[in-house]
Amino acid sequence: MPTRRTFLKAGGCALVAYTAAPRFLLRTARAAEANGKVLVAVFQRGAVDGLSMVMPHGEAGYAGGRPSIGLQPPKRGEADRAIDLDGFFALHPTLAPLVPLWENRALAVIHACGSPDTTRSHFDAQDYMETGTPGVKSTPDGWLARAVKTRPANQTPFRAVAMGPVLPRTLQGDVGAISMQSIERFDVRAGSDGSARQGFESLYEQGVRDLLHGTGRETFEAVKMLRSANASRIPPANGADYPRGQLGEALRQIAQLIKASVGLEVAFADMQGWDTHVGQGAERGQLALRFREFGGALAAFAQDLGSKMADVVVITMSEFGRTVAENGNRGTDHGHATAMLVLGGGVRGGRVYGRWPGLARHQLFEGRDLAVTTDFRTLFTEVATRHLGAPAAPLFPGFRATQPSLGLFA
Amino acid sequence: MRSRALTLLVLGALAGCSAAAAGGADPAQPQVADSSAASAVQPAADRQILHALNRLTYGARPGDFERVRAIGLSAWIARQLRPRTIDDSATERALAELTTLRMPIAELLREFPRPDPKMREKIARGEMTRQEMQERYPMEKRPFRITAELQAAKIIRAVTSERQLEEVMVDFWFNHFNVFAGKGDVRWYVSAYEREAIRPHALGTFPDLVRATARHPAMLFYLDNWLSARPDFIVPAGPNRGRKAGLNENYARELMELHTLGVDGGYTQRDVTEVARAFTGWTIDRPQINGRFVFRPLMHDGGEKVVVGHRIPAGGGQGDGERVIEILTRHPSTARFVATKLVRRFVSDTPPPALIARVAATYTGTGGDIPAMLRVIFESREFSGEDAYRAKIKKPFEFVASAVRALGGSTDAEGGSALARASAEIGEPLYLAQPPTGYADRADVWVNAGALLARMNFALALASGRYPHVTVELPALVAGTDPRSPAAVLDHLLATIVANQAGPETRAVLAAQLTDPQVTRLSTDDRGPANTDVAKLAALVIGSPEFQRR
C-alpha cells in the first residue's frame, strides 16, 4: 500500500519529467494524508427485478404471478436454491458470493425502495434518480456531484470518477468529475516522445474558461497524478477474483484508485442488461447471469480492499423495479419499487431495511407493482450524510423526509 | 525535456515570427499573431459559408469553402436539401464491396446464420477443435459482419459522400428512432432498417418516418412490439404454443415519449396502454427466416381505444396503429418536440424558443415536411447569429469524420471499420446505442477527461498515418507553402483545418511547438516539406479545442 513516503519518492521522479508541476505533487501527498471516506455508487441500468434479487419467500403473493420466472423458496442443504437471509427474504442463488458479507454484517438490503415519481420510463426515472429530483427534469447537476461539492476542498482531480465512456448525469455539475474507460489508457499515447502531450496540454491551458478548456486542464492534471501513483499496476489483493465484464472491470479499477490514494471520494460504475422484458429466467437464465456478475464483482471488490473497506461504502441502485406478475413473454415489465444494497464500513448489515408493503393485490402500486415505502432520497441522504459527512440540505432540493432515518449506520 | 519557462520564453518570439511570415502585424505585438485571416477581418458572407459547412456537413474538406463560394451559399443549401440531384457515384463505388448493405433481411438470415449452440458445447467437451469450428463457421459467414459493414459504410459516407446533409440527417433520424444492433435479431435487420425506414425519408416528411419505423422488423423487435398481443391471446403454434402472450407497452411508451409527443407532451400511463393495444398484432413474420412485417389479426385487440383524447372505434384492425400514428404526428406536442430536436442539432444546445416556435409552426403548416423545417432554421437569424457560431461540440462520430475530411483523407471499407472503432473509443460505438434515446446531441455528454484524451490520441494516430487503409494527404495539404518556414506551414494548416478560426492562444502555442527539436526536424522523405513535422502539427490542430467545435 502506498504511503506518503512512496508518493514523495514517486514525486521526485516525476519532478524530473515535469518541471512545472510541483503543485500537483503537493496535492497528491495531501490527498494521501486525508485518507478520506469513499462512496461507490453502482447503477443497475434498465430496472432490476428486485423481487428476484432479494426474493420475499415469506410472502404469500410472490409465487402466484410468476409461474415460469418465480424462484423456488430456500431449502436448507439444497444448492441452486435462493439463499435465506432472515426467514422472510432470500438472495438469488447466484448472489452466493455476497453471503459472507451478509454474515459479517457488512451488507444491508433496503427493500421496496424507489422514487415517489410514478414514471415507468427508464430515461426519466434514471434522470430523476441521478439528479435526485423526482419529477423535475431541469435540475442542472447530479446529486453525487452535489455531495462532492459539500465536502471540504480537496485539491485532486480524482475526487469523483466514473468508469465508462461518458460522464453519468449524477456526476455532472461543477465538481470536475472525470470519466475514464480504463486507468491504463488514460494518457496521451505518443510513444516515447512527450512533446505531443505537452503540446496538447498547452493548447487546453490557454484560453477562455469554458467546458472544453476546463475539462482539458483537469485532464492533464489527472494524467500526471495517475502516472506518478502507478495506479494501473496495483494488483488485486487478498486473492480477489473479479468476474469478466463491465462491472468487474470498473470495480477492479476503482479499487486501484482507492489503493493508490489519489484522493478519490466518490466513484460511479454502471452495469447494463437488467431490462428483462422477455425470457427473464429464474434460478438460471438471463437474469441469473447478470446477478452472477453483479454479486461476484461486489464480493471481489470487498475482498480486494480488505481492511480498507472500513472507509468505503458501496450502494447499488436501479431506476425502478419490475412488475410483480410475469408478462406474456416470461419476462417482466416496468414496475415501481425495487431492492438496493449497501455494503461496507460502518454499515449495520445483516438486516433488510424498509417497511415491506406486501404483494396482495390491494397492497400493490397501481394494482401491479411493488409499492415504494422508502424514498430513495431517504436512503441516499443517510449514506451521504453518515458516510461522507455531507450536510443533507443541498443534496436533494425540495425533499422533506416523511419517514425517520433507516438507522443504517452505527 | 524542455522546461515550461523556456517554452514561454520562445513563445513570444515565435508568435511574432509567425505573424511576420504571414505578412501582417507588427512583430512587436506578438499577441496579434493570427493576422493572416482571422475572424475579425473575415467578411460575414465567408463566415456564413464556414458555418454552414460546419453544420450541414461532416466538416469541410480542403477546397469545400471555395466550391460553396463559387456556386453561392443558398444555391448550395438548396442542392443539399435535394440529395437526389447530387451525383454521388464515387461513394457508391466505394461502398460496392460492402455486399451486406444491399441484401434483403431474408438473405442476410440465410447467409449469416446464428452460431449453433451445439458447436460451442462440442468445443467445451473437446469433441471439436477451434480450427474445425473456424472451417465449419468461418468468420466471413458470421453475423457480426453485418454490423461491421454498416459501421464502415457510415464512415465512408460521412467522409466521402457529396450528399452531406442527407448523411447528417440519416444519423440524426437514426438516433431519434434508435434501434440497438446488439439486441437479438436486430443485428440482421439493422442494415435494412437504415436503408428502408430511415434513409428514404431523411429529407422527406416526419409522419413517413414514423410510419416506416413503426412497421419495420428492427423497431418491432427492438421495442418488443412483435410480441405484444391482446391480453387473452394464446400462442397457437411454435415453441411457445399454448402460452398466454400479453400486452407489451415498450414500443407504445417510446413512440410517444421519444418519437413523437416528447416526455412532457401530455400523455398518461392510460394512453400508453391504449396505444399498446392499438399496435397489438403488428409483428414479424418468421423472425429468423423471413423477417418481414406482418399484421396478425388473431393477436390484435379489437376493442375501442382512446388515445390522447381521440376515440378509435372498435374493429379497426391494422388501421388502429395507423390511426394512432396519424393522431400523434398531428399533435402540437410532436411539432414542438421535433422542432426542438432539429434546432438543437443545427443551432445550439440551448435551442432558442422563438425559433422552435417558428419551426414547429412550419411542421404544422406543412405536415412535417423536413426540408421546409430545415429551410426555416438555415435562414433564421438564430442560425447565423454570433451565439450559434462554433457553439456546438462535435459528437465522437462527427469528430472522427471531420478529422479525416479536414486532412483531405479517404478510406476504404477496412479503414472505415478502424475509424468506427475510433468513434467507439471516444464514446460513440456506431449502431450500438442501447437506450431508445439514441446518442445525445449535447456537449455535456461528450466532453469529459477520458473522451478528450481519446480525441487527442485519435488525432495523433490519424495524422501520423497509423490508420492503415485510411489515406491522409499531408504533403498535398501543405503543398505550395515554403517548407523551410515552419510558421508558413502552420499558417497553412490552420487555414485549411480550422479555417483560421483558431484563437490567438492556440496559434501561439502551436508556434511554440515549432521550436521543439522533435517537431522541427529534417525530414528524410522528399514528398513532404523539408523540415517540419507536419503530422504532429496537424495532430495538435485536430486535437485542439477549436477543432472540437462545429
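What you see is a predicted model; the values in this text were computed from it and never measured. In what follows, every chain begins at residue 1, and chains take the letters A, B, ... in the order their sequences are listed.
Only the side chain of B/Asp224 comes within less than 4.5 Å of a heavy atom of chain A; its backbone N, CA, C and O stay farther away. Only the side chain of A/Gln172 has a heavy atom closer than 4.5 Å to any heavy atom of chain B.
Surrounding CG of B/Asp387 are at most 12 heavy atoms belonging to other residues, nucleotides or ligands under 6.0 Å away. The environment of A/Arg284 atom CZ is sparse: at most 12 non-hydrogen atoms of other residues, nucleotides or ligands sit within 6.0 angstrom.
Listed by sequence position, B/Arg253, B/Glu254, B/Glu257, B/Leu258 are the residues of residues 252-259 of chain B in contact with chain A, using a 4.5 angstrom heavy-atom cutoff.
In terms of non-hydrogen atom pairs under 4.5 Å with chain A, the most contact-rich of B/Gly450, B/Ala449, B/Ser464, B/Gly246 is B/Ala449. Listed options B/Val263, B/Val445, B/Leu247 were ranked by heavy-atom pairs under 4.5 angstrom with chain A; first place goes to B/Val263.
With rounding to the nearest 0.5 angstrom, the CZ atom of A/Arg197 is 11.5 Å from the CE atom of B/Met456.
Using a distance-only test at 3.5 Å, with no hydrogens or angles considered, no donor-acceptor pair links the side chain of B/Gln548 to the main chain of A/Leu212. A donor-acceptor contact shorter than 3.5 Å is absent between the side chain of B/Asn457 and the backbone of A/Arg185.
With salt bridges taken as basic N to acidic carboxylate O contacts below 4.0 Å, none links B/Glu249 and A/Arg120. Remark: A/Asp210 engages B/Arg549 in a salt bridge, criterion side-chain N to carboxylate O under 4.0 Å.
The two atoms that bring B/Leu540 and A/Ala196 nearest to each other are CD2-O, 3.9 Å, heavy atoms only. Closest non-hydrogen pair, B/Pro545 versus A/Leu203, comes out as CG-O, 3.9 Å. Nearest heavy-atom pair, A/Ser195 versus B/Lys536, reported as atom, atom and distance to 0.1 Å: OG-NZ, 3.0 Å.
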Residue pair B/Asn448, A/Ile178: steps toward the side chain to side chain contact (heavy atoms under 4.5 Å, CB included) verdict
CA-CA 6 Å; B/Asn448 66 75; A/Ile178 281 177; over 6 Å; no
